[in-house]
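Structure, as structure tokens:
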Protein chains: 2
Amino acid sequence: MASIKDVASKAGVSVATVSRVLNNNPRVKSPARARILATIDQLGYQPSGIARNMRSQSVRVIGLVISDIQNPFFTTLVRAVEDVAYENQYTVLLCNSDEDLQKEQLYIDVLSRERVAGAIIVPTGKDACTPLVNARVPVVMVDRTVPDLVADAVVLDNVAGAFAATKHLIELGHRRIGLVGAPTSVSVGRERQRGYEKALRASKLKLDPRLICIGNFKEQGGYQAARALLELDPRPTAILAVNNLMTLGACQAISEKRLRIPKDISVIGFDDMPWFALLTPPLTAVRQPTYEIGIQAARLLFARMQDAARPVETRVLKPELIVRGSTAAPARG
Amino acid sequence: MASIKDVASKAGVSVATVSRVLNNNPRVKSPARARILATIDQLGYQPSGIARNMRSQSVRVIGLVISDIQNPFFTTLVRAVEDVAYENQYTVLLCNSDEDLQKEQLYIDVLSRERVAGAIIVPTGKDACTPLVNARVPVVMVDRTVPDLVADAVVLDNVAGAFAATKHLIELGHRRIGLVGAPTSVSVGRERQRGYEKALRASKLKLDPRLICIGNFKEQGGYQAARALLELDPRPTAILAVNNLMTLGACQAISEKRLRIPKDISVIGFDDMPWFALLTPPLTAVRQPTYEIGIQAARLLFARMQDAARPVETRVLKPELIVRGSTAAPARG
DNA sequence: TCCGCTCCTGAAAACGTTTACTTTGGAAAC
DNA sequence: GTTTCCAAAGTAAACGTTTTCAGGAGCGGA
């Protein structure tokens, strides 16, 4: 591949002059400039980003570490981050940690080595981000937080979301509400469970630990947790699933058992999806402003990249309960 | 951030020796090696990927340009590519062209400038990839092809998929089958329409151009195309939608019109999704081996990166018709 | 004692840019 | 005609690695 030297010698000028033309420095006058542009065209020359990065000691790339590329929630997040990056002429280095601590660790190492300008991270483990933060790389956590890490974050008010959903079920008359929960090792799992428990306590209902089943964040985790709940005797009359894919899995378990929603069992999902409305009945769900979460995280990152000294900030966005047909009063008896 | 020089001077050795330790060169003996490792630890030194890239004139990154990050089909593709990249210790630079030619062009420029080791591209426009290919950057097209571009590709047998779906409808007795089609400027749109037409011709049915409505690849495109079809008099008795999001949009249009599936109208979607089976009735669909497509594309890319001289290859994978409850014989009259 | 060999380490070049500083040449001012 | 000044273009250093080549220490054998 042609380098700036080739262009310079072919055009009969010095590399400095070529560089000036590339960077639109107006000090290069027309005869030289025209000749250089022609030569560039002729050689199909493209300046090496590698060398530019080297020279400038910076890269116009931001890292994005998510935990499940196949989850539409994170996909919307990616979309938002991409949009903001594009506006700022940055590109996105995408890493899928797959809820795997080792993978997360490795990717964060990569981001650090490659000297990305900043990173947006959905943290899976407790300490993975620490090295980045210590190396003064701008970092924004999104969706989840980790305790004791001083970094910007954008998250949902998970407690409020789970509280509202559970309260809705209680108000409909449910007393045995199953939770298809997520691992409490991540903040999302912890907080949504806390919201559920808070609503039960607020209504003076007893917490029955058997009504809480934990699964991984995927379809399969929801399926298994829901199956366990459906085996209970007496069966819960309602289920709250704490993320979108787990909701899908829970619905599958319910449909396998030939139970009807909401007649036999009410269901609330977390994180509304377009197709929730198409199900029969359409699913009641806690909607997150997902795209907005992503946008804010990205903007926060760019703000931090511009000003390392600005105060650390955690933004908490509000969920909204969308009541549709999958929740109703429990059957008598 | 500390550099190799800092480590060298602090440990009282030359940069060469430090570099050797970093690269596990066994020629460095223990007193020096131990001192260097300690110093590295102490300074929190991390070798600069930027400088390494500069020196090696290469980057362990592959570019991935997709047209819609929010479409689960592409997401699965990303996942597959990521998995293969991870195995090979490469990372993925993700670009979302958003079906926008300008964005695609820009991203391909970025990939070229950044000297990525290779690229996997879902081409939106006709010529965007050409510069990359001309610059001898290994490129694999996926999902779509562009005519006259000599590059590896992995695609679905779209004609066969649409043919099978349409034939299934014809065999059920449908004679007026609407196509919720995609722009024929991209191969996927063209070929799926061709499969549809081929099936009609094979059964000696007349092609009615009013039964073909084209929309963009998203939910909204499917919604609008389906609405147009549902306005026809007489209404089609069946609809084939040519991608997953368009199927979602078509279902919304049908549900708005209060038509029942399959009693009033049969529906087939393209590209099966987990939630298709949860709809009432569960959707009949043409399933693509999406993950496999991504894996093959990535493997092909790595093969090409290793051997630029290997013959150019186009792999065509087979779809499968999954018959569920959304297709039935048309109502009498 | 000296040569030659091995083994470890150091010096320096190279990768492709950008940019501060220097040189050149021509025109204006005297 | 000489000096001065300015614009335009060139020279070279720097960014942080890796790697080639060279140097030197240690040691065994003659």
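Numbers restart at 1 for each chain; the letters A, B, ... are given by sequence-line order, proteins then strands.
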Requested in this report: Return the value, rounded to whole Å, for the distance between atom CG of A:Asn25 and atom C1' of C:dT17.
Outcome: 15 Å
**Report entry** Selection from C:dG16, D:dT17, D:dA9 that lies nearest to any side-chain heavy atom of B:Pro47
**Finding:** D:dT17
Query raised in the report: Roughly, in whole Å, what's the span from NZ in A:Lys29 to C1' in C:dG25?
Result: 16 Å
Report task. With the side chain counted from C-beta on, respond yes when B:Leu93 and B:Ile62 share a heavy-atom pair under 4.5 Å apart, and no when they do not. Result -> no
Report summary line: Whole-Å distance, A:Leu22 CG to D:dA9 C1', equals 15 Å
Query - Nucleotide of D:dA12, C:dC15, D:dT18 approaching A:Lys5 most closely (side-chain heavy atoms) - result: C:dC15
Report summary line: Atom CZ of B:Arg35 and atom P of C:dC8 are separated, to the nearest Å, by 15 Å
Query raised in the report: From C:dC8, C:dT17, D:dT17, pick the nucleotide closest to the side chain of B:Ser48?
Result: D:dT17
Query raised in the report: For B:Arg20 and B:Arg55, take the nucleotide of DNA chain C holding the closest heavy atom to each; which residue's nucleotide lies nearer the 5' end?
Result: B:Arg20
Query - Rounded distance in Å - CD (A:Glu114) to C1' (D:dG16) - result: 13 Å
**Report entry** Phosphate-side-chain proximity, A:Asn23 and C:dT18, N/O vs OP1/OP2 below 4.0 Å
**Finding:** yes
Query raised in the report: When we call it a touch if two heavy atoms are under 4.0 Å apart, what does A:Arg52 touch: a base, just sugar-phosphate, or nothing?
Result: sugar-phosphate
Requested in this report: Round to a whole Å and report the spacing from CD1 of B:Ile4 to C1' of C:dA13.
Outcome: 15 Å
Query raised in the report: Roughly how many Å is it from CZ in A:Arg113 to P in D:dT17, rounded to a whole number?
Result: 12 Å
Query raised in the report: Do A:Lys10 and A:Gln42 have side-chain heavy atoms sitting under 4.5 Å apart?
Result: yes
Report task. May I ask you to say what A:Ser19 touches in the nucleic acid, namely base, sugar-phosphate or nothing, with a heavy-atom cut-off under 4.0 Å? Result -> base
Report task. Identify, between B:Arg33 and B:Met54, the residue whose nearest nucleotide on DNA chain C lies closer to the 5' end. Result -> B:Arg33
**Report entry** For atom CD1 of B:Ile50 and atom P of C:dG16, their distance in whole Å
**Finding:** 17 Å
Query raised in the report: Looking at B:Asp152 and B:Arg299, does any basic side-chain N land under 4.0 Å from a carboxylate oxygen?
Result: no
Requested in this report: Answer yes or no for A:Arg144 and A:Phe217: cation-pi contact, defined as NZ/CZ to six-membered ring centre under 6.0 Å and angle to ring axis within 45°.
Outcome: yes
**Report entry** Closest listed nucleotide, where the reference is the side chain of A:Arg27 and the choices are D:dA9, C:dT9, C:dG16
**Finding:** D:dA9
Query - A:Gln46-B:Arg113 side chain donor-acceptor pair, cut-off 3.5 Å - result: no
Query - Below 4.0 Å: OP1/OP2 of C:dG10 and any side-chain N or O of B:Thr17 - result: yes
